[in-house]
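What you see below is based on every heavy atom in this structure, not just the backbone, and it leaves out hydrogens, waters and symmetry mates. Keep in mind that this is a model prediction, so the values were computed, not measured.
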Amino acid sequence: MMSARLSDAVDALPLRPGLRVLEIGCGPGAASREVARRVGPSGVVLGIDRSPRAIAAARRAAVGFDPDRLDFECTSIEDFVLGGRPLFHMAFALRVGALDGRHPEVYDAAIAAVTAALHPGGTLYVDGGDPLRRIVW
């Protein structure tokens, strides 16, 4: 079950079947699971979080999801490497200090990692809007 804040944020994302979505700061994965439901069997969601405990909880809660469609990785956004994965269409972050101004010293590295992970024209949404705002670089 998602909080009202998470539910409002997921509702605000322009999701459609088949999208590849990166959640930054996924915590226990509630929003990632809901996004995976909404992008359907042809979509993919990767949730990342710097907390090993959060990632372990997210993986436990994702039982029943195809790991090729919903996966989790323990990393910060400023250290995230796409590796051999295909590019994402969209990324979103809720209460992530590297992207919301609380940790300006890593903002540039975080944006560089997001840029490298997204298709050209891909979008990044963060909280702080109504309820989200799009980051343009």
Side-chain angles (χ1 to χ4, degrees):
M1 188 158 123
M2 286 194 308
S3 69
R5 178 185 67 85
L6 283 181
S7 183
D8 288 347
V10 171
D11 286 347
L13 292 169
L15 298 171
R16 64 183 187 278
L19 287 181
R20 293 183 51 78
V21 181
L22 174 65
E23 182 182 7
I24 302 160
C26 67
S32 290
R33 291 189 306 276
E34 182 57 29
V35 170
R37 287 182 189 95
R38 295 184 188 196
V39 298
S42 60
V44 172
V45 177
L46 175 65
I48 65 170
D49 199 288
R50 67 176 59 242
S51 165
R53 189 174 185 181
I55 292 300
R59 287 182 176 143
R60 282 192 306 273
V63 170
F65 281 88
D66 178 347
D68 291 333
R69 288 195 46 248
L70 174 62
D71 199 8
F72 298 95
E73 181 178 326
C74 188
T75 187
S76 64
I77 186 55
E78 60 271 21
D79 295 325
F80 178 69
V81 176
L82 187 63
R85 298 179 186 98
L87 294 171
F88 292 91
H89 299 102
M90 174 189 311
F92 71 102
L94 306 173
R95 295 187 180 166
V96 174
L99 296 168
D100 69 10
R102 289 179 288 144
H103 297 288
E105 70 279 6
V106 294
Y107 180 82
D108 289 342
I111 290 297
V114 172
T115 302
L118 292 177
H119 280 284
T123 53
L124 169 62
Y125 296 91
V126 299
D127 48 350
D130 188 21
L132 300 175
R133 63 187 172 93
R134 184 177 174 185
I135 301 285
V136 178
W137 54 87

Test side chain to side chain contact (heavy atoms under 4.5 Å, CB included) on V126 and V96; report intermediate values, then the result. CA-CA 8 Å; V126 299; V96 174; over 6 Å; no
With a 6.0 Å cut-off (strictly less than), is the heavy-atom count around CZ of R16, excluding the residue itself, greater than 12? no
Are M90 and I135 connected in the hydrophobic side-chain network, where two residues link if heavy atoms are under 4.5 Å apart? no
Cluster link L99 to L13, ILVMFWY, side chain under 4.5 Å: no
Is the backbone of P28 close enough, under 3.5 Å, to the side chain of R60 for a donor and an acceptor to pair up by distance? no
Considering residues at least two apart in sequence or located in another chain, which fulfil the salt bridge (charged side-chain N to carboxylate O under 4.0 Å, His left out) criterion with R37? E34
Is R33 close to L70 at the side-chain level, that is, under 4.5 Å between some pair of heavy atoms? yes
For D11, the side-chain hydrogen bond (donor to acceptor under 3.5 Å, both in side chains) test, sequence neighbours excluded, returns R38
Hydrophobic cluster membership, with links at side-chain heavy-atom distances under 4.5 Å among I/L/V/M/F/W/Y: are V39 and L22 in one? no
Flag, side chain of E78 to backbone of V106, donor-acceptor distance under 3.5 Å: no
Hits for salt bridge (charged side-chain N to carboxylate O under 4.0 Å, His left out) against D100, two or more places apart or cross-chain, chain-then-number order -> R102
Is a side-chain N or O of R69 found less than 3.5 angstrom from the main chain of G40, in a donor-acceptor match? yes
Worked check of side chain to side chain contact (heavy atoms under 4.5 Å, CB included) between V45 and F65: CA-CA 11 Å; V45 177; F65 281 88; over 6 Å; no
For R133, what residues pass the salt bridge (charged side-chain N to carboxylate O under 4.0 Å, His left out) criterion, not counting sequence neighbours? none
Establish whether F88 and V10 are linked, either directly or via other cluster members, by ILVMFWY side-chain heavy-atom contacts under 4.5 Å. no
Atom pair CG (D71) and CD1 (I48), whose distance is rounded to the nearest 0.5 Å: 12.0 Å
Between D49 and G27 (side chain of the first, backbone of the second, donor and acceptor by atom type, cut-off under 3.5 Å), is there such a pair? yes
Hits for salt bridge (charged side-chain N to carboxylate O under 4.0 Å, His left out) against R85, two or more places apart or cross-chain, chain-then-number order -> E73
Are I77 and F72 in one and the same hydrophobic cluster, where Ile, Leu, Val, Met, Phe, Trp and Tyr link if side-chain heavy atoms are under 4.5 Å apart? no
Worked check of side chain to side chain contact (heavy atoms under 4.5 Å, CB included) between F80 and I24: CA-CA 10 Å; F80 178 69; I24 302 160; over 6 Å; no
Residues 114-123, side-chain donor-acceptor partners within the protein, below 3.5 Å, at least two apart:
residue, atom, partner, partner atom, Å
T115, OG1, I111, O, 2.8
T115, OG1, W137, NE1, 2.9

